Engineer: 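Dropping a structure here in structure tokens format, bear with me for questions.
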Number of protein chains: 2
Amino acid sequence: MEHFRARCAALGLAYTHQRMVIYRALAGTDAHPTPEAVYEQVKREIPAISLGTVYKNIHTFTEAGLLREVNLLHESLRLDANLGNHHHFVCVRCKSVTDIPERDIGPLHLRQPLPEGYVLQRAVAELLGVCARCAGSEDVISTASSQ
Amino acid sequence: MEHFRARCAALGLAYTHQRMVIYRALAGTDAHPTPEAVYEQVKREIPAISLGTVYKNIHTFTEAGLLREVNLLHESLRLDANLGNHHHFVCVRCKSVTDIPERDIGPLHLRQPLPEGYVLQRAVAELLGVCARCAGSEDVISTASSQ
DNA sequence: TGACAAAAGAGAATTATTATCCTTCAATAG
DNA sequence: CTATTGAAGGATAATAATTCTCTTTTGTCA
Ligand SMILES: [Mn+2]
Ligand SMILES: [Mn+2]
Ligand SMILES: [Zn+2]
Ligand SMILES: [Zn+2]
């Protein structure tokens with residue numbers, strides 16, 4: 001766990017006390033906190049830390065692969081008038097959402113019960129990847145000058 | 001599709017031209033638009049419509065069950081330092097996210113190929129429901145559709 | 001048709017996030 | 001062990017998304 005200094009070095013990131021405490025706040029919980037929650041936690045140890053520093057490091061860590069975003073689509077509300085059961089493919093590049101018919105994926109059955117007291121209403125698969133348009137127009141290969 | 005007037009009546013909602021056009025913009029696409037995108041679409045037909053009206057009706061429709069939010073966690077970025085493969089249970093009440101071990105759910109294998117050109121990177125299950133704390137603390141007996 | 005609650009429009013306010021600008025500091029070469 | 005320097009931090013302004021407040025208009029129903 002205290003390889004953090006080495007991991008920063010390996011990633012070409014400067015090691016700072018702020019980074020260490022921010023990362024520790026995240027790695028030390030199984031909740032899925034907001035930047036604000038991380039900020040509140042870190043402030044207990046570094047009262048003078050800036051919220052901007054928390055945001056900046058969250059992005060740095062995410063780009064470096066030390067963290068993941070739970071919700072790729074958090075930037076804005078996204079709506080769906082299709083009320084039937086179906087799954088979603090989300091493009092990590094353009095954030096487009098494509099419906100996937102329910103029958104295209106095996107039923108999401110629970111092999112183990114949920115934690116005590118939890119009540120399940122619905123289960124959907126979220127497929128993450130790159131959509132056709134983004135895959136075709138990117139640095140994958142410069143064969144495309146379409147669109 | 002033009003039962004919309006009747007559906008409004010059944011839901012106790014006043015029928016307005018704005019509502020009809022907003023709903024039509026949503027029901028007429030398989031994209032998963034933002035409120036802004038809906039607003040832009042609707043403005044073509046009702047140039048004087050207010051963005052607030054779009055937001056208000058989106059909420060009204062969602063509460064009425066005519067629409068769904070794609071992203072329950074859009075209010076703020078949520079972070080995860082657990083890089084291993086696992087699934088998530090999201091509480092529709094308190095928005096808490098609980099890790100579900102990958103082995104607790106059958107592998108999400110695709111029975112049909114993705115649309116041409118799509119590249120899959122990762123697949124996760126999102127279980128929606130009510131967490132133990134929320135289920136235990138409220139009149140959650142009718143957990144079908146509340147928020 | 002008239003009364004009234006609901007809905008729409010305008011714009012201010014709030015919240016989440018990002019950008020800017022200046023200061024401080026970690027890394028590293030000498 | 002310094003000096004240099006670009007990266008990182010802190011303060012705060014700016015932006016984007018969403019909600020709130022207030023006033024006017026409109027749909028519903030008697
Ligand atoms: Mn959908
Ligand atoms: Mn997780
Ligand atoms: Zn894409
Ligand atoms: Zn809950």
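Quantities reported herein were computed from a predicted structural model and do not represent experimental measurements. Scope of the values below: all heavy atoms of this structure, side chains included, with no hydrogens, waters or symmetry mates. Every chain is numbered from 1, with letters handed out A, B, ... down the list of sequences.
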Engineer: Is the backbone N or O of A/Ala125 less than 3.5 Å from a side-chain atom of A/His87, with the two atoms forming a donor-acceptor pair by type?
Structural biologist: yes

Engineer: Is there a donor-acceptor contact under 3.5 Å from the side chain of A/Asp104 to the main chain of A/Ile100?
Structural biologist: no

Engineer: Could you list by number each residue of residues 41-57 of chain A showing a heavy-atom separation from DNA chain D of less than 4.0 Å, or answer none if no residue does?
Structural biologist: A/Ala48, A/Ile49, A/Ser50, A/Thr53, A/Lys56, A/Asn57

Engineer: Take atom CG of A/Leu73 and atom P of D/dA17, then tell me their distance rounded to the nearest Å.
Structural biologist: 14 Å

Engineer: It should be established whether A/Gln18 places a side-chain nitrogen or oxygen under 4.0 Å from OP1 or OP2 of nucleotide C/dC25.
Structural biologist: no

Engineer: Do B/Glu126 and A/Arg122 sit within salt-bridge range, that is, some charged N less than 4.0 Å from a carboxylate O?
Structural biologist: no

Engineer: Decide if atom CD of A/Glu116 counts as having more than 12 heavy atoms of other residues, nucleotides or ligands within a radius under 6.0 Å.
Structural biologist: no

Engineer: Classify the nucleic acid contact of A/His74 as base, sugar-phosphate or nothing, counting any heavy atom under 4.0 Å across all strands shown.
Structural biologist: sugar-phosphate

Engineer: Using whole Å, what does the distance between atom P of nucleotide D/dT25 and atom CZ of B/Arg19 come to?
Structural biologist: 19 Å

Engineer: Just checking, is any N or O donor in the side chain of A/His88 or A/Asp99 under 3.5 Å from an acceptor N or O on the other one?
Structural biologist: yes

Engineer: What nucleic acid atoms does A/Glu75 come within less than 4.0 Å of, heavy atoms only: base, sugar-phosphate, or nothing?
Structural biologist: sugar-phosphate

Engineer: Does A/Lys95 come within less than 4.0 Å of A/Glu75, counting only side-chain N to carboxylate O?
Structural biologist: yes

Engineer: C/dA16 P sits how many Å from A/Ile58 CD1, rounded?
Structural biologist: 13 Å

Engineer: Can you find a side chain N or O atom of B/Ser76 that sits less than 4.0 Å from OP1 or OP2 on C/dT17?
Structural biologist: yes

Engineer: Check this one for me: any side-chain N or O of B/Thr60 less than 4.0 Å away from OP1 or OP2 of C/dA7?
Structural biologist: no

Engineer: Whole angstrom is fine here: how far is it from CE in A/Met20 over to P in D/dA8?
Structural biologist: 17 Å

Engineer: Rounded to whole angstrom units, what separation is found between the NZ atom of B/Lys95 and the P atom of C/dA16?
Structural biologist: 12 Å

Engineer: Expressed as a whole number of angstroms, how long is the span from A/Leu11:CG to D/dA7:P?
Structural biologist: 16 Å

Engineer: How long is the gap from CD1 on B/Ile22 to CG on B/Leu26, to the nearest 0.5 Å?
Structural biologist: 8.5 Å

Engineer: Using heavy atoms to find the nearest nucleotide of DNA chain D for B/Pro35 and B/Ala14 separately, return the residue whose nucleotide is more 5′.
Structural biologist: B/Pro35

Engineer: Can you measure B/Leu13 atom CG to C/dA5 atom P for me and round it to whole angstrom units?
Structural biologist: 18 Å

Engineer: Quick one: do the A/Thr98 and B/Tyr118 side chains pair a donor with an acceptor below 3.5 Å?
Structural biologist: yes

Engineer: Please determine if a side-chain N or O atom of B/His59 lies less than 4.0 Å away from the OP1 or OP2 oxygen of D/dT19.
Structural biologist: yes

Engineer: Is a donor from one side chain sitting under 3.5 angstrom from an acceptor on the other, for A/Asn71 and A/His32?
Structural biologist: no

Engineer: What is the bend of the helix from C/dT1-D/dA30 to C/dG30-D/dC1 when you compare the axis at one end with the axis at the other, using five pairs each and rounding to 10°?
Structural biologist: 40°

Engineer: Once you round it to whole Å, what is the distance between P of D/dT12 and OH of A/Tyr39?
Structural biologist: 11 Å

Engineer: Looking at B/Lys56, is its backbone amide N or carbonyl O close enough to the side chain of B/Thr60 to form a donor-acceptor pair, meaning the two atoms are under 3.5 Å apart?
Structural biologist: yes

